[in-house]
Amino acid sequence: MILYNGASGGIGRYLGAESKRLGLESYPLWARLEDGPGLDAELRSIHASGAITFIHLAAMVSVPACEADPVAAYRTNVALATSSVSAILDWAERRDVLARVIYVSSGHVYDAQAHRLRVGEAGRTAPRSVYARTKLDAEHAVAEIAEARQVPLLIARVFGLVGPDQAPNYVLPGLIGRVVEGRVDLIPGLDYTRDYLDARDVCADLGLLSMSPWKDRVNVVNVCSGVGVTIRTLLHVIASIVDPAGTDGLMGRATAGPGRADDIDWLVGDPRRFVEWIGSAPRRISLETSVADAARAAFKVT
């Protein structure tokens, strides 16, 4: 059985359907992180036996919002995240249920790669934003809980996300909006390279990880494609789907603007550990399908 929070977020909204497809029983937890009594009430209604995996997804994920209010970011992403994990483990202990935890972190905790290498789990961490620092701090805090309570923990470092129904702060809906409106000048980080997976694939990957044996008390695994894609390439894919006849003209007008102050020009993960554990690639949905689904969902583009 899987329990998970962040059920309305960019990943969590797909986790129930993907779990069902894998034959896994799953329960979303809808209480906000700050609502301890609400979480307790939800847990009392769940009849669990044997073993559960708790997937912690809930977080403050907007990088600009975290930069604007670092106190709130640390409270949400570190203090409340760890208290939620502890509450779940307390509940499992009272029910005599074996518990494991998957904490969903970010590929942005890694340092910049000097030679444009794919970064593996042993790569140096050096987060550059408030958001990324909170995710790394939460990794450490949840790992301390796991060690103290002798509970298996998997830290899943998720890289870039694409897919339908994303919030406006994600890159894909922003770029689709630009193409629809013809605004392709000064695109931040146009030639930066990122590693994207569809959020639905990420959910399937988390489900598969929940079913797999873990080697150590605390484990880290990248959830990524291993394929570098520039923002310019992503823009071209969008244009070819949204405005096929105007693609060449639009791309000819596209110009780069500065990235965020904390940004780097290359961030691509190495998925080899995931492949070794699961026996399959993390990506099943193509970038073209992700873009087409997102365009249809957000802008009614056929």
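Note that these values count all heavy atoms, side chains included, but never hydrogens, waters or copies made by symmetry.
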field: Nearest heavy atoms of Leu57 and Gly12, plus distance in Å
entry: CD1-CA, 3.7 Å
field: Side-chain ion pair, Arg284 and Asp205, N-O less than 4.0 Å
entry: yes
task: Under the side chain to side chain contact (heavy atoms under 4.5 Å, CB included) rule, what do Trp214 and Ile102 come out as? Steps first, then yes or no, please.
output: CA-CA 11 Å; Trp214 304 345; Ile102 296 178; 3.6 Å; yes
task: Sorted by first residue and then second, give each side-chain hydrogen bond (donor to acceptor under 3.5 Å, both in side chains) pair with at least one member in residues 32-44; sequence neighbours left out.
output: Arg32-Glu34
- prompt: Can a salt bridge be assigned to the pair Arg116 and Asp265 using a cut-off of 4.0 Å between side-chain N and carboxylate O?
  reply: yes
message: Between Glu276 and Arg273 (salt bridge meaning N to carboxylate O under 4.0 Å), is one present in this structure?
response: no
- prompt: Is it the case that one hydrophobic cluster holds both Leu197 and Val171, taking links as side-chain heavy atoms less than 4.5 Å apart, direct or via other members?
  reply: no
statement: For Arg13 and Asp165 the tightest heavy-atom approach is NH1-O, 2.8 Å
- request: Test Asp195 against Val229 for side chain to side chain contact (heavy atoms under 4.5 Å, CB included), laying out the working first.
  value: CA-CA 6 Å; Asp195 185 328; Val229 176; over 6 Å; no
field: Atom of Arg100, atom of Ser210 and distance for their closest heavy-atom approach
entry: NH2-O, 2.6 Å
- request: Take Asp263 and Arg194 through the test salt bridge (charged side-chain N to carboxylate O under 4.0 Å, His left out) and record every step on the way to the result.
  value: CA-CA 11 Å; Asp263 226 337; Arg194 292 292 179 263; 2.5 Å; yes
query: Which ILVMFWY residues are connected to Val268, directly or by a chain of links, through side-chain heavy atoms under 4.5 Å apart?
result: Trp266
- prompt: Are side-chain heavy atoms of Val275 and Pro282 found at a separation under 4.5 Å?
  reply: yes
SB check Glu139 Arg157 (cutoff 4.0 Å): yes
task: Establish whether Leu33 and Val61 are linked, either directly or via other cluster members, by ILVMFWY side-chain heavy-atom contacts under 4.5 Å.
output: no
- prompt: Does Asp293 come within less than 4.0 Å of Arg200, counting only side-chain N to carboxylate O?
  reply: yes
- request: For Arg118 and Gly226, work out which heavy atoms get closest and say how close.
  value: CD-O, 3.2 Å
query: Is there a path of hydrophobic side-chain contacts, each under 4.5 Å between heavy atoms of I, L, V, M, F, W or Y residues, that connects Val119 with Val202?
result: no
Distance in Å, Ser225 OG paired with Asp270 CG, rounded so as to fall on 0.5 Å steps: 10.5 Å
message: Distance check, rounded to the nearest 0.5 Å: Leu161 atom CG versus Tyr196 atom OH?
response: 10.0 Å
query: How would you list all residue pairs meeting salt bridge (Lys or Arg N to Asp or Glu O under 4.0 Å) that involve residues 62-74, not counting sequence neighbours?
result: none
- prompt: Just checking, is any N or O donor in the side chain of Ser83 or Ser86 under 3.5 Å from an acceptor N or O on the other one?
  reply: no
Pair Val104-Ile55, side chain to side chain contact (heavy atoms under 4.5 Å, CB included): steps then yes or no: CA-CA 7 Å; Val104 177; Ile55 303 179; 3.9 Å; yes
Sequence neighbours excluded - side-chain hydrogen bond (donor to acceptor under 3.5 Å, both in side chains) pairs with any residue from residues 227-249: Asp191-Arg232, Thr230-Thr233
- line: For Val101, the other hydrophobic cluster members (4.5 Å side-chain criterion, sorted by chain and number) are Met1, Leu3, Tyr27, Leu29, Leu39, Leu43, Ile46, Ile52, Phe54, Val85, Ile88, Leu89, Trp91, Val97, Tyr103, Val142, Ile145, Val151, Leu153, Ile155, Val218, Val220
Heavy-atom closest contact (Thr193 atom, Gly228 atom, distance): CG2-CA, 3.5 Å
query: Gly189 and Ile231: which non-hydrogen atoms are nearest, and at how many Å?
result: O-CG1, 3.1 Å
All salt bridge (charged side-chain N to carboxylate O under 4.0 Å, His left out) counterparts of Arg149, not counting sequence neighbours: Asp90, Glu93
message: Quiz question: by atom type and distance under 3.5 Å, do the side chains of Asn222 and Tyr110 form a donor-acceptor pair?
response: yes
- request: Would you check, one step at a time, whether the test side chain to side chain contact (heavy atoms under 4.5 Å, CB included) holds for Glu147 with Arg217?
  value: CA-CA 7 Å; Glu147 292 282 13; Arg217 176 78 65 201; 3.6 Å; yes
